[in-house]
Trainee: 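I'd like to ask some things about the structure below.
Residue indices begin at 1 and follow the sequence shown.
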Amino acid sequence: MLKDEILQAAKDLNDELVQIRRTLHQNPETSFDLPKTLKLVKEKLISYGYDPKPCGKAGLTCTIGNKGKVFLLRADMDALNIIEDNDLSYKSCNNKMHACGHDIHTTMLLGAAKILKKYENQLNGTIKFMFQPSEETFEGSKDMIEDHILENPKVDGAMMMHVMTNAPLPTGSVFIMDKGVSAPAADYFTIEVYGKACHGSSPWLGIDPMIASANIILALQEITTREISSSDPSVFTIGTIESNNKAANAISDMVTLKGTIRTFDEKIRAYIKERIEQIAKSIAVAYRCNADVYYPSGAPTLLNDEDLSLKLEKYMIELLGENKAIPMRKMKQSGGVGGSEDFAYVSQKVPSIMLAICAGMASDGHQYPVHNPKATFDEDVLWQGAAIFSYAAINYLNDAN
């Protein structure tokens with residue numbers, strides 16, 4: 001049976017996948033600056049018989065098969081500016097860390113590429129691989145789309161997986177997202193509040209942007225608590241407040257606030273962004289200051305296609321069994337995941353599906369969540385994820401063509 005062949009082929013790759021993942025983990029790179037990562041991924045793809053091409057600022061793509069429908073498999077490659085706090089033989093060798101598991105995503109997709117190459121002559125369509133930079137800044141997916149990743153050949157469906165550590169189920173279990181939004185839109189914002197500098201002993205000679213900023217922060221909290229319905233989930237966070245003056249006895253001429261917004265509805269997203277600007281500027285003026293508001297990056301809501309959701313549910317139950325393939329609607333909690341994901345840009349363009357794959361339970365020593373400097377992942381997820389990517393792609397093409 002195909003599932004047995006795929007699972008065995010993935011298991012046979014385990015040692016190679018562990019080596020790839022550890023190399024990536026030890027050499028994390030961020031944003032679009034991924035020279036070592038790109039070199040490794042490119043070399044592996046070439047060794048598997050592919051002809052990878054650059055896409056966008058720092059992405060790679062290649063295809064297998066020909067004619068028929070096209071299914072895209074995506075993995076992100078970038079790390080975070082987090083200092084790893086683990087005692088591992090392959091611990092990060094710099095002040096960055098694959099704390100979100102993108103090293104695992106990349107490795108799983110490389111494993112799938114090697115497996116799928118064996119089925120090249122049997123594919124009933126085309127598989128396109130998308131190795132993407134800069135997911136953490138919500139810029140990489142959009143950049144590759146602008147460089148036509150979804151065209152030539154035109155993509156008909158797309159899939160991504162994200163690992164979960166401190167997971168509720170054994171490694172290799174997957175959650176298949178239901179139709180609709182599974183990850184919120186996210187927007188980074190910056191508010192710059194301008195005043196007039198002076199000595200701290202004579203505040204009447206200046207205009208204090210810190211006082212204005214404090215009141216802006218308090219007022220902005222009321223957008224989600226007083227203006228947005230409780231039936232429309234949204235999260236507003238101010239993460240940093242910084243004066244351009246480091247002296248304790250001086251009043252600065254500028255204060256910078258930075259934060260994020262998370263929303264599951266595009267209309268609510270637009271409303272909150274508009275209100276942030278109105279409130280920040282109005283309160284600044286009330287305190288004799290001025291304010292500017294910027295949105296340097298963001299991502300829309302991630303939409304899951306109903307047909308793909310049902311198909312992936314079927315494929316995963318076939319491959320893994322009902323105990324390890326769980327539709328999200330069967331979980332007690334409702335709604336999508338909390339973190340945003342720039343695969344959302346793909347999902348806004350073509351029918352797409354997101355899977356979450358478990359990569360370590362707390363009871364097995366993986367008690368820290370992603371983005372934590374102590375986060376660890378069960379490497380058994382590598383071969384299982386490669387099998388999932390492979391089985392999903394082959395079956396999608398068989399059903400679609």
Trainee: Salt-bridged, Arg22 to Glu379, with N to O below 4.0 Å?
Mentor: yes
Trainee: Under 4.0 Å between a Lys/Arg side-chain N and an Asp/Glu carboxylate O for Glu16 and Lys114?
Mentor: yes
Trainee: Does Asn304 reach the side chain of Asp178, with side-chain heavy atoms less than 4.5 Å apart?
Mentor: no
Trainee: Check the side chains of His25 and Glu84 for a donor-acceptor pair under 3.5 angstrom, ignoring hydrogens and angles.
Mentor: yes
Trainee: Counting only heavy atoms not in Tyr315, do more than 12 sit closer than 6.0 Å to its OH atom?
Mentor: yes
Trainee: Counting heavy atoms not belonging to Gln19, are there more than 12 under 6.0 Å from its CD?
Mentor: no
Trainee: Just wondering, do Glu192 and Thr256 contact through their side chains at under 4.5 Å, heavy atoms?
Mentor: yes
Trainee: Do Ser297 side-chain atoms and Phe138 backbone N/O form a donor-acceptor pair below 3.5 Å?
Mentor: no
Trainee: Give me the atom names and distance for the closest heavy-atom approach of Ile149 to Phe129.
Mentor: CD1-O, 4.5 Å
Trainee: Are Asp342 and Arg74 within salt-bridge range, i.e. N to O under 4.0 Å?
Mentor: yes
Trainee: Do Lys117's NZ or CZ and the ring of Tyr50 fall within the cation-pi criteria of under 6.0 Å and 45°?
Mentor: yes
Trainee: Below 30° counts as parallel, above 60° as perpendicular, anything between as tilted: where do the rings of His98 and His102 land?
Mentor: tilted
Trainee: Is Lys273 paired with Asp187 through a side-chain N to carboxylate O contact shorter than 4.0 Å?
Mentor: yes
Trainee: Any non-hydrogen side-chain atom of Met316 less than 4.5 Å from a side-chain atom of Pro327?
Mentor: no
Trainee: Hey, are the side chains of Val155 and Met130 touching, using non-hydrogen atoms and a 4.5 Å cut-off?
Mentor: no
Trainee: When you check the gap from the basic side-chain N to the acidic O, do Glu322 and Lys330 get nearer than 4.0 Å?
Mentor: no
Trainee: Below 4.5 Å, heavy atoms only, C-beta onward: do His105 and His162 meet side chain to side chain?
Mentor: yes
Trainee: Looking only at heavy atoms, which two atoms of Arg269 and Ala185 are closest? And how far apart?
Mentor: CD-CB, 3.7 Å
Trainee: Quiz question: by atom type and distance under 3.5 Å, do the side chains of Asp253 and Asn244 form a donor-acceptor pair?
Mentor: yes
Trainee: For residues His199 and Asn249, determine if any side-chain heavy atom of one lies less than 4.5 Å from a side-chain heavy atom of the other.
Mentor: yes
